[in-house]
Amino acid sequence: GEDVEQSLFLSVREGDSSVINCTYTDSSSTYLYWYKQEPGAGLQLLTYIFSNMDMKQDQRLTVLLNKKDKHLSLRIADTQTGDSAIYFCAEKAGGYQKVTFGTGTKLQVIP
Amino acid sequence: DTAVSQTPKYLVTQMGNDKSIKCEQNLGHDTMYWYKQDSKKFLKIMFSYNNKELIINETVPNRFSPKSPDKAHLNLHINSLELGDSAVYFCASSQDSGSNQPQHFGDGTRLSIL
């Protein structure tokens, strides 16, 4: 079965880099996503990576994928207070390409 | 020009009642989903429809019945509401079920059972 794990909480100072980690178990994963959820809102897609890629960069966001260890990370450079939110990783796998979400990491940015 | 819209945004009702949540997407997507997010923010898929056909049905009580009158709409009806049904319910859609296209989420319906 599929299982996606994340640490629950991360606190960083404004201007530092944040690294949010995620591990997954389904080796048939095809796509891996990072979503952001601000308080009282739905999930907003930040970026995604295909499972045959190692890295993807998009402005302040860098996604690293270690397929051997089934480990995904999201690095946010120059973290701002507006980055405070819950970040979910998600994997797409299985027959109907079901998306399974991680447990979410709450990022707190200290001014 | 909201992409995925859910109504109502808030729903407060008593145990034992029956209620419905509606979802509509104007993105032209073929696939729609319902998710439940509990108080610890865990997000679990409940149902998925592709072009009005049910393709994912996770272990959800029979009291929950989705209905898709057309591919732009996926409604969720809940019978005999229980305290444990209190959660935020998110509707989402994607272009199809098999490609890399990500899911677009609505803003959620906050259901509170008294």
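Computation of the quantities below employed the complete heavy-atom set of this structure, encompassing side-chain atoms and omitting hydrogens, waters and symmetry-equivalent molecules. Throughout, a chain's letter reflects where its sequence line sits, starting with A, and its residues are numbered from 1.
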Turns out that what part of L43(A) lies under 4.5 Å from chain B's heavy atoms comes down to both
Run the side chain to side chain donor-acceptor pair (under 3.5 Å) test against N17(B) and tell me which residues pass, sequence neighbours left out.
T13(B)
Please determine, among G104(A), A90(A), G102(A), G42(A), the option with the most heavy-atom pairs under 4.5 Å with chain B.
G42(A)
Does any backbone or side-chain atom of F50(A) lie under 4.5 Å from a heavy atom of chain B? Answer side chain, backbone, both or neither.
neither
Chain A shares the most heavy-atom pairs under 4.5 Å, among K9(B), Q37(B), Q6(B), with Q37(B)
Angle between ring planes, Y48(A) versus Y33(A), binned at 30° and 60°: parallel, tilted or perpendicular?
tilted
Engaged part of L43(B) at the chain A interface, taking heavy atoms whose separation is under 4.5 Å
both
Looking at residues at least two apart in the chain, or sitting in another chain, which of them share a ring-ring contact (aromatic ring centres under 6.0 Å, His included) with F42(B)?
none
Tell me whether the centres of the aromatic rings in F101(A) and Y35(A) are closer together than 6.0 Å.
yes
Heavy-atom contact with chain B under 4.5 Å, split by part of Q37(A):
side chain
Ring-plane angle category for F105(B) and Y35(B), please: parallel below 30°, perpendicular beyond 60°, tilted otherwise.
tilted
